[in-house]
Every structure is written in C-alpha cells, then in structure tokens.
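All chains are named by letter (A, B, ...) in the order of the sequence lines, taking the proteins before the strands, and each is independently numbered beginning at 1.
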Amino acid sequence: MSDRKPEQQEISSFQLGVIFFAYMTGSSIINIPGPLIGRAYNGAWLSLLISGALGFCILACILFLNQRYPGLSFVECGQRLIGTWLTIMISIFTLSFLLQMISGIVLDIGLFMVSSMMRETPLYVFTFLAFAISAATAYAGIEVIARMFTLIAIVLLLMIGLVLVLALNHYNPSSLLPIMPDGMKPILHGAYFTFGFPYVEVFLIAMLLPFVSKETSPKLPRTLLTSLALNVLIICISSICTIMAFGPLAGKRPYALFSLAHIVEFQEIVQRIESIIGISLILGSFMKTTVTLYVLSLYLTQLFKLSDNRIFIMPLALLGFMITLVGFDGSAEWTEIVSVLHPIWGSAAFVVPLLLVMVVAIFKGKILNGKS
Amino acid sequence: MERYIVIIVAFGYVYFFDYLHVKKKGSKKDMSIYLVLILLSLYMGVDYVMNRDWIDYYDVFEPLFKGTAREIDSFLK
C-alpha cells in the first residue's frame, strides 16, 4: 500500500493507458457481444465502430481540457471555469451514475456466476467479495492499481486470445453476411446500447490525468488514443468471432464468449475451458470496479473539497453493496436499466457536464486571446 | 437470520478496515459526508433485513430517464 498521499502519487502515461484499457475492456468484452448481436445482428461490428467513434470524441474533449489546463482533473477544471456551486449542480447525475456503475459491474459478476457456474450460491457472496477486494485495492492508491493491472490486463488478453484461437475450427465466415439485412436501424440500436456501456465511460479518465508524471505527459494523448482503439478492435474481433461461431443464435447468448469457450475442443485434450472466461470476467470486472470506485472517491473529495479520498472508499463500497442487495429486483428490470437507461443516464452524467465545461473553456480562451 | 448476518458482516468489514487504516480522523466536513454515506447504507440495510421494498436507488433515478430512454429504444427497434 502506498503511504504517499493521493496527490503525491505519480504514474507514467503508459500505466494510465493500461488502466484505461483495463477498465474499458474489462467486463465489456464478456458482456457486450451477446446482447449487441441480439440488437444489431451481423452489423454488430459497425455499431461498435459508431459508438467507439463517439468514445473518441469524448476522449478528444478530455484531452483538449487537459492541454488547456494541464495537471487538473475534470472537477478542478469545472471549479475553475464555472465555479464550485455550478460544478456541484452538474455533478449530481455524475455521482449517481458512478455509484450505479460500481453496483452494476459487481452485480454483473454475481449474475454471471449464479447463472452460469455456481447456481446455488447466493448472489451476495460474490458481490460482497468483489466489493471487499476492489475497495481494498482502491484504498492502496493509483500507483499500486497501475502496477497490478498491467499484469492482470496481459493475463486477461492472453486468456481471451486463447479461447478465440482455439475455437478457430468452429468459425464459419459465411455467417457474417448479409451485414445489414434490416437496414440501418439495428446498427443504430446496437450503437445506442454500446454507447451506454462502455463508451460513455471514457469520461472517467478525466479524473486520473493529474496523476501522470510530467516527464511522460507528452506521450499521453497517443497512449490513450491507442488504448481506446485497441479496445474497439478487441471487442469487434470478439463479436465477429461469436457471429462466425454461432450464426443467427449468437444474439441469444448473454455471455457469448463463455458459450464459445464451452464448445472449444482441441485434440480431445483441451475441452470445456469456460472457466477461463469466468476468470477473465472476474478479473476484468475487478479492475473496472476498482478504478470506478477510486474515481468516485476522488470525484466526491474534490467536489466538496474534502481532505483525503481514502476515507470515503469503504463507505462508498458499502453503499454500492447495499444497492446490489436492495436495488436489484430481477433480471428483466436489470436488463432494461443497462440496455435502455444507461445511454441516457450516462449522457446526462458525463457528456453534458463535459460539453458544458469544454464550451466555457473554449469561450474563455477566445476572450483571453482577444484581450491579449 | 441470514440477512442479519450479511448486514453485520458488511458493516463489520467496513468498520474493521477503517479502524485499522484510517489513522487520523478527517475534518468535520469529512466526517459529515462519511456519516451521510453510512446512514444511506444503514437505510438500505434495514430495508434488506426487514424485506420492506422501500424507495431504493433506482426508484429515485429511473423515473427521470425512463420515458425518454424507452422512446429512443422503441424508435430504434
């Protein structure tokens, strides 16, 4: 655990790129392909390109603010540009959505384990353990998070890559056509879904930019853009492989990669390797929960000008755990929240405040340039 | 009984961790925010233990976005 205060901790731009990639890809690579294909059918990869492009736009806005106000997080930029009270007002939905994110990610772990692997175990066993470990990791600080996640991200990628490669003999490329049999609407429907999860969550990186060391900060824009591009590519590949393996039935499987791992059979020795995907989901979701919890504690601390974000990590994790206990009323309602509500809620929470602060930054810059 | 144990373990873990690691108490503002978060958790904990289905997190935020979200979703289907 790092004894240095949060504001004294530093990471390199590469480490931030790894954290960014880890939380963007973490749980979405397992959860996205199935429901996305159910909405966009064979055009799922097109939907990802559209929503990924919107994610790039959000990242561009964040990098613009970072260039204009280096070393400041989004909250600090907001307080400087629009004042503390207005920043608090526009951040109500942001805080609410961040809390919803940590509950949602952890609930997802629990729902996956209960539906796929350990059906008799109560949901709260998984959610409590996930919150406990994520909170302890977040408490350790950004330096520890960065060092841990580099290794975990590599392991995650290797496991997913292994499953995709071993399933080669199940792929039928002809299943990819036709791409848009029902026109553009299913593609847009898929893009709407994937914008809500995960691409609107690019916003979170705006709170972690101040931790990048000055020596490596010139490489930051390229690193983050590369991480996001890699994320889009990997999820596209997973979706395409799922369509090739299952054809029209791909959209019926909520955990498509899990189903893909289930059918892998290599030389009659390697069989039933779906536990690898179970491990990948837990690792990916753990990384995402940790980063989101850390960002939430930072956001709260900076917004209300509190002293140390670490004080609030445990109570926020506890609150998230309570939400998973009482807020979850059933799979159908949960599916609606994630697939229908998230894009709008996320836009109100992340995109609207970001655009507001950016517009003020642009106008203030023009006024200052005019005066000089 | 099971629900009581779940809540006791959850709150106990938080108390135990913060007792060990939060070495110096924060300012009055910090403690107020901390207390608010604990009270919100306690409210949900009581709801869970007594199985009352009181107003929860999604009941507050869902109505704000549900209408618009459903219209967009049904337009795109």
Residue [X] versus chain B: region with a heavy atom under 4.5 Å:
X	result
A:Ile313	neither
A:Ser103	side chain
A:Ala317	neither
A:Ile187	neither

When rounded to the nearest 0.5 angstrom, what is the spacing between [atom1] in [X] and [atom2] in [Y]?
X	Y	atom1	atom2	answer
A:Met314	B:Phe16	CE	CZ	11.0 Å
B:Leu37	A:Leu318	CG	CG	9.0 Å
A:Leu316	B:Tyr34	CG	OH	10.5 Å
A:Leu306	B:Ser32	CG	OG	9.0 Å

task: Measure B:Ile33 against the heavy atoms of chain A and call it side chain, backbone, both or neither at under 4.5 Å.
output: both
Could you tell me which of [options] has the largest number of non-hydrogen atom pairs under 4.5 Å with chain A?
options	answer
B:Val14, B:Asp56, B:Leu76	B:Leu76
B:Val6, B:Ile7, B:Asp47	B:Val6
B:Tyr57, B:Phe75, B:Tyr13	B:Tyr57

field: Minimum-distance pair of heavy atoms, taken over all atoms of A:Pro315 and B:Ser41
entry: O-OG, 4.2 Å
query: For A:Met322 and B:Ala10, which heavy atoms make the closest approach, and how far apart are they?
result: CE-CB, 4.2 Å
field: Pairing residues for B:Val9 by the side-chain contact (heavy atoms from CB on, under 4.5 Å) criterion, not counting sequence neighbours
entry: A:Phe128, B:Ile5
message: I'd like to check the side-chain contact (heavy atoms from CB on, under 4.5 Å) partners of A:Leu356; sequence neighbours left out, ordered by chain and number.
response: A:Ile82, A:Ile90
message: Can you pull out every side chain to side chain donor-acceptor pair (under 3.5 Å) where at least one residue sits in residues 179-195 of chain A? Sequence neighbours excluded, please.
response: A:Ser51-A:Thr194, A:His189-B:Asp73
- prompt: So does A:Met184 have more than 12 non-hydrogen atoms from other groups sitting under 6.0 Å from CE?
  reply: yes
- prompt: Is the closest basic N to carboxylate O distance between A:Glu336 and B:Arg70 below 4.0 Å?
  reply: yes
query: Under a 4.5 Å cut-off applied to non-hydrogen side-chain atoms, are B:Lys29 and A:Lys305 in contact?
result: yes
message: Can you confirm whether A:Phe312 sits close enough to B:Asp30 that some side-chain heavy atom of one is under 4.5 Å from a side-chain heavy atom of the other?
response: yes
- request: Mind running side chain to side chain contact (heavy atoms under 4.5 Å, CB included) on B:Ile72 and A:Ile344 for me, showing each step along the way?
  value: CA-CA 9 Å; B:Ile72 296 174; A:Ile344 296 294; 3.4 Å; yes
query: Taking the six-membered ring for Trp, are the ring centroids of A:Tyr139 and B:Phe17 within less than 6.0 Å of each other?
result: yes
message: Non-hydrogen contacts under 4.5 angstrom with chain B: give the residues of residues 93-101 of chain A involved, or none if there are none.
response: A:Phe93, A:Leu95, A:Ser96, A:Phe97, A:Leu99, A:Gln100
- request: Report the C-alpha separation of B:Met44 and A:Leu325 in whole Å, then their side-chain angles, then the decisive distance to 0.1 Å, and conclude whether the side chain to side chain contact (heavy atoms under 4.5 Å, CB included) test is met.
  value: CA-CA 8 Å; B:Met44 285 191 242; A:Leu325 284 183; over 6 Å; no
field: Ring geometry between A:Trp334 and B:Tyr58 (parallel below 30°, tilted from 30 to 60°, perpendicular above 60°)
entry: perpendicular
